[in-house]
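Since the structure comes first, as structure tokens, the remarks are kept for the end.
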2 protein chains.
Amino acid sequence: MPHESPPQPARRTRRKEARPAEMIEAARDLFIERGFAATKLEDVARRAGVSVGLPYVYFENKAGLFKAVVRESVLPNIRLGEELLDSYPGPTDDLLRLIVNRFWQMNREPSAGLPKLVVAEATNFPDIARFYMEEVVMRGRRFFARIIQRGIDRGEFRPVDVMQMARVMAAPLSMLTIWTHSLAPHELDPGATAEGFLDAYLDLVLHGLRAAPKDTPDV
Amino acid sequence: MPHESPPQPARRTRRKEARPAEMIEAARDLFIERGFAATKLEDVARRAGVSVGLPYVYFENKAGLFKAVVRESVLPNIRLGEELLDSYPGPTDDLLRLIVNRFWQMNREPSAGLPKLVVAEATNFPDIARFYMEEVVMRGRRFFARIIQRGIDRGEFRPVDVMQMARVMAAPLSMLTIWTHSLAPHELDPGATAEGFLDAYLDLVLHGLRAAPKDTPDV
DNA sequence: CTATAGAATGAATGTTCATTCAATAAACAC
DNA sequence: GTGTTTATTGAATGAACATTCATTCTATAG
């Protein structure tokens, strides 16, 4: 008989640094798909390519892993749009279009399932809910508030209650993200695409905020 | 010693007709609060005032109870707004304001937590997801589409992609409902009320759909 | 008042996991 | 090579929980 197992990555490799991230990623995907309670740690371990016992070396327990998932998945995606907002010189219309485009790209990443997960588990994990409120929700509101304020300051948008309008503007995008990871796979209307939704969203928002209704261009 | 237990409802009463509804209600509240997997049937039974075994007399198992919860909780609240839409004679602006008011009232009922529950469990219960898509989502979209079409037909709203805009218009309301049963209890901004949200929502939508931008009133 | 049907109970069962930890084997020092 | 450290394993443990069903009790008929 010739040699054995050349392509297999050799079980029991020691990679102390890479393990936590790999387990967090595996846990994130399964928690998002099935929810916290319905996810077995054994499945997480299998997907991460480790044994059942290893998560307990790096995390206190299942809840600790969950908290790590939320904390680690939240931070990366936050600064992207904020930089854009600060540097963009053109009209706020176009800025918003650009931001929606970036959002649409981000929405395809696996971590985009987090909002659904957090919403589903908020009651069972109050400290995670608080963390998410501070780090994501409040930050997101301020982000949209700044965009609206920018439009008002430049005379492009009419004056509105900026903080409330920020919440309303964020809502359809949050809903789209949650939707993508829940009911979207069971969509019955072939025309109900994310692109169509975002087009209509921009249409409504830009018309709804526009300052000087002097002309009425089509679409 | 005088008599015993006059106010107690006497354990082991036989009420074949009332039991299912009572267990469904108890299950609904707990499923919404904790999620399906994290809810113990023993807790459901206790809250419904029955023994652990009784749910299995009326439902096949825990999943069967879950499905009954969704099916029973969905139907009641649907026709309310549709009747209003058919009978209302005035401007579509006012009709929408009225509908949002009714929605706001419905949002306080316990069954308003269903969207969050369905979204959270959609992946684990595909047939429930399909049912909900048909009975609630599609119906809701058609409802909003009819409102928009009504406004366009009456010359009050500008022409838009009606089906897409219906989805966008429904999104903030769905989001508010989900929000109420997830992160709202951890709100950090005292000004972030549901009323303020709905005011801004109406403000945005009515300006965003308005047909003839001849004047620019405040508010 | 007694008998019968069937609604309701709750102790018992079996399974499904989260969690533990003694054993194993990479990696590295010498 | 040999010894030491420690990352990793996976069988074993025990608790939690869904589900069952023989028994108990209520309501109603006769």
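Below, chain A is the first sequence line, B the second, and so on; all start at residue 1. These numbers come from the heavy atoms of this one structure, side chains and all, not from hydrogens, waters or symmetry mates.
Checked by atom type, the side-chain pair B:R150/B:T92 shows a donor-acceptor distance below 3.5 Å.
Between the OH atom of A:Y56 and the P atom of C:dC21 there is a distance of 13 Å, rounded to whole Å. Whole-Å rounding puts the A:E17 CD to C:dA27 C1' distance at 12 Å. Between the CD atom of A:E42 and the P atom of C:dT19 there is a distance of 14 Å, given to the nearest Å. Taking atom CZ of residue A:F66 and atom P of nucleotide C:dC17, one finds them 19 Å apart after rounding to whole Å. For B:L41 and D:dC17, the CG to P distance is 11 Å, given to the nearest whole Å. Taking atom CG of B:L30 as the reference point, atom P of D:dC17 lies 13 Å away to the nearest angstrom. Rounded to an integer number of Å, the gap from A:D43 CG to C:dC17 C1' is 11 Å. Whole-Å rounding puts the A:F59 CZ to C:dT20 P distance at 15 Å.
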Checklist entry - Can you give one letter per nucleotide of nucleotides 3-15 of chain D, 5' to 3': B if a protein heavy atom sits under 4.0 Å from the base, S if only from the sugar-phosphate, - if neither? => result ---BBBBBB----
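Note on B:R79 versus B:E83: no salt bridge recorded, every NZ/NE/NH1/NH2 to OD/OE distance being 4.0 Å or above.
Residues passing the salt bridge (Lys or Arg N to Asp or Glu O under 4.0 Å) test with A:D127, sequence neighbours excluded: A:K67. Here B:D161 pairs with nothing under the salt bridge (Lys or Arg N to Asp or Glu O under 4.0 Å) rule; sequence neighbours left out.
Crowding of A:E82 atom CD: a count of heavy atoms from other residues, nucleotides or ligands under 6.0 Å exceeding 12.
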Next on the checklist: Under the criterion side-chain hydrogen bond (donor to acceptor under 3.5 Å, both in side chains), I'd like the reasoning laid out for A:R167 against A:Q164: C-alpha separation, chi angles, the key distance, then a yes or no.
Outcome noted: CA-CA 5 Å; A:R167 294 169 68 204; A:Q164 301 292 1; 2.8 Å; yes
